[in-house]
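Note that the numbering runs from 1 along the sequence shown for the chain. Below, each value reflects all heavy atoms present in this structure, side chains not excepted, and no hydrogens, waters or symmetry copies.
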Amino acid sequence: MDLAGWGDVNGLCVGESDQKEKDHCIFSVVDTNALSVTCGNSHTLVVSGDNRLLSCGQNDHFQLGRPQTSDADAVELKEVVDEDNRSVSCVIASVGDGFSVIVNEKEQVFSFGEGRCCGLGRSKCDEAVPVPRLVKMLCDIPVRMVSCGSKHTLALSMDGKVYSWGLNSSGQLGNGSTDDVFAPQIVTALIGKAVKKVATGSHHSIVVTYSMDVFSFGDNTHGQLGHGDVNMRSTPELIRALDGKEVWDVCCGDAHNVARTRSGRIYSWGSNAEGQCGFERDITQRTKPYETYRVFEEGRVVYATCGRAHSVCVVKTTSALMTLSFGANNKKQLGLDPSHPAFDRPALFHPVRVSALKDVAIERIVAGGDRTFALFSSNKDTLSESVEQSSGVSVLSRNPTVTMEAVNVEEYSDSKEQHNNSVSSANTSNQRTAKCPKLRGNSRVSPINNNDCNDTSIVSPPRRKGFFARLFSCTKATHDDDDNECVVLDTTAQSVNETFNKTIRSNQDSVVAAVNNDNDDDDD
């Protein structure tokens, strides 16, 4: 997929010439073969289609994963490498203020950047980490999602448990206190809740479960927790106003949130000082979720994302997809055409259409800080011509080579969890045990034990072609508490497919039997 960005030029990856001309960019198209992108107030991480990690933006705390002092302010994307100059494997990334957290193909968590914020999940909070290093407290816990706030981090494990660490002055870690936490700790109040997604604002956190319940905790100065008041919470509390709304996804800005339901409606709450909730100008904040009707009037919302103080929605109309944005526009992060009468307004309190994307097949929209990115698959020439005529776009050509299918992140996460459940049942009776042979790609390395996770390598393993091959061909290592050794579960595509096919045949037989019984009853 190609990547387009607009807004604050710091971390927008638009190149040196654009950086010198202005502090914002109306629109820039970058050919990166991107799979996903995440951005914060000062820097951006991009995961490529072949699972390499790229970065750009400020590097004053080594949050780009570049130890070179010459990269203190990097305006172009550059690959992140480890201490041995090897490519860094990455499938999920998130950024905070001055630090970054990623998950590699082996579902291990790595962090780098500023150490004083405690967001790195390490035992010390006074040392900066210039290159990605393993979060050892999570080395034997497969992680499928991470989300960084300003100075804190949440991680969601494959078995649905939530771990948190970092600064905790507002209770944003959900552990019942306001004490800072250096290393990951499980959020005990969420055990058994079947968590589907974690999201973080600047100093608050949101959790969505598979039963479509929404919990919040942390700072509540602007009502961003959604409980009808402005009192902080240090433990997760259910947002009652969203009961029955069937919330499918939630995204967070600095102090506001947008929730998307299964039916395609959106609810927003928190600060509306710059119109980021989509309400009228005289409503400065909402302490409970309210529906943003003016977005739903345009069509069904299929995706929503939040920046610092702006929001962007992709809406499905009767004929096509439409991208709408509202909120802060001080860095042109709403993507308005220069001819639009509201182009120079610092904020918009109603949704406006991003006209440059009207003929583009949008795969995903990502906002962060005062920037917005769009991942799309379409004819680049069509997009470039459209934008150049209306917005003065800067196009950076890099010969795109798409080598992996575009995968919806939400569907991928859900499928991956279903896959892991199948893996667990398929290997209950025939798991193969080995004495701690930690895996690196397809080769075995030195043994480790529970108390000493020394393998900090995130070298990219041999590439698996195709989404389903990548999803179903995996090998996991888990720890056995009885003997402090490692148990290696050898999971192959064949075993998972056999389990899947048996389940399908069983369900089909059940349906046929039920139909036959109904027919017999009718004959009687």
(request) Quickly, which of Val250, Val301, Val247 forms a side chain to side chain contact (heavy atoms under 4.5 Å, CB included) with Arg260? Name it, please. (result) Val301

Search all heavy atoms of [X] against all heavy atoms of [Y] and return the closest pair with its distance.
X	Y	value
Ile206	Val214	CG2-CG1, 3.7 Å
Trp269	Ile239	CZ2-CD1, 3.8 Å
Leu173	Asp179	CD1-O, 4.4 Å
Asn104	Val91	O-CG2, 3.5 Å
Val258	Ala304	CG1-CB, 4.0 Å
Ala367	Cys39	C-SG, 3.9 Å

Is any side-chain heavy atom of [X] closer than 4.5 Å to a side-chain heavy atom of [Y]?
X	Y	value
Ser271	Thr284	no
Asp249	Val208	no
Leu154	Val146	no
Gln185	Asn175	yes
Val230	Gln285	yes
Phe326	Val352	no
Gln108	Leu138	no
Cys148	Phe99	yes

Do [X] and [Y] get their side chains close enough for a donor-acceptor pair, meaning under 3.5 Å?
X	Y	result
Thr221	His203	no
Asp97	Asn41	yes
Asn257	His204	yes
His222	Thr287	no
Tyr303	Arg364	yes

Does [Y] offer a backbone N or O that forms a donor-acceptor pair with the side chain of [X] under 3.5 Å?
X	Y	answer
Thr372	Gln333	yes
Arg371	Gly40	yes
Ser157	Lys161	yes
Asn168	Ser177	yes
Asn220	Asn231	yes
Asn51	Glu105	no
Ser216	Leu225	yes
Gln63	Gln58	yes
Arg66	Pro130	no
Ser55	Leu64	yes

(message) Holding to side-chain hydrogen bond (donor to acceptor under 3.5 Å, both in side chains), I want the full list of residues that pass it with Thr235, two or more places apart in sequence or in another chain.
(response) none

(message) For Cys306 and Cys252: C-alpha separation, side-chain torsions, deciding distance, then whether side chain to side chain contact (heavy atoms under 4.5 Å, CB included) applies.
(response) CA-CA 6 Å; Cys306 297; Cys252 302; 5.8 Å; no

(message) Surrounding NZ of Lys151 (heavy atoms of other residues, nucleotides or ligands, distance under 6.0 Å), is the total greater than 12?
(response)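 Yes, enclosed.
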
(message) Heavy-atom count check: over 12 atoms from other residues, nucleotides or ligands less than 6.0 Å from Met137 CE?
(response)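 No, not enclosed.
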
Could you tell me the separation between the [atom1] atom of [X] and the [atom2] atom of [Y], rounded to the nearest 0.5 Å?
X	Y	atom1	atom2	value
Leu45	Phe112	CG	CZ	5.0 Å
Ile266	Lys245	CD1	NZ	14.5 Å
Gln276	Leu348	CD	CG	12.0 Å
Cys90	Leu54	SG	CG	9.5 Å
His310	Asp254	NE2	CG	11.0 Å
Lys288	Leu242	NZ	CG	11.0 Å

(message) For Arg353 and Lys358: C-alpha separation, side-chain torsions, deciding distance, then whether side chain to side chain contact (heavy atoms under 4.5 Å, CB included) applies.
(response) CA-CA 9 Å; Arg353 183 171 182 176; Lys358 63 181 179 179; 3.5 Å; yes

(request) Using side chain to side chain donor-acceptor pair (under 3.5 Å) as the criterion, point out the one residue from Ser205, Ser169, Ser202, Ser170 that pairs with His152. (result)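 Only match with His152 under side chain to side chain donor-acceptor pair (under 3.5 Å): Ser205.
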
(request) Show your reasoning for whether side chain to side chain donor-acceptor pair (under 3.5 Å) applies to Ser147 and Thr200. (result) CA-CA 6 Å; Ser147 181; Thr200 51; 2.7 Å; yes

Is the NZ or CZ atom of [X] positioned over [Y]'s six-membered ring, under 6.0 angstrom from the centre and within 45° of the axis?
X	Y	result
Arg265	Phe296	yes
Lys332	Phe343	yes
Lys196	Trp248	yes

(message) Working note: Val37 + Val47, criterion side chain to side chain contact (heavy atoms under 4.5 Å, CB included); need CA distance, chi angles, decisive distance, verdict.
(response) CA-CA 6 Å; Val37 59; Val47 179; over 6 Å; no

(message) According to side-chain contact (heavy atoms from CB on, under 4.5 Å), who are the partners of Phe279, at least two apart in sequence or on a separate chain?
(response) Ser268, Asn272, Cys277, Ile283, Arg286, Tyr290, Thr292

(message) Could you check whether Arg233 pairs with Asp229 (Lys NZ or Arg NE/NH1/NH2 to Asp/Glu carboxylate O, under 4.0 Å)?
(response)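 Answer for the salt bridge query: yes.
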
(request) In sequence, state the C-alpha distance, the side-chain angles, and the governing distance for Leu120 and Val135, and then conclude on side chain to side chain contact (heavy atoms under 4.5 Å, CB included). (result) CA-CA 8 Å; Leu120 301 184; Val135 178; over 6 Å; no

(message) Just to verify, which of Arg308, Lys331, Arg281 counts as forming a salt bridge (charged side-chain N to carboxylate O under 4.0 Å, His left out) with Glu274?
(response)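 Running salt bridge (charged side-chain N to carboxylate O under 4.0 Å, His left out) over Arg308, Lys331, Arg281 with Glu274 returns exactly one hit, Arg308.
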
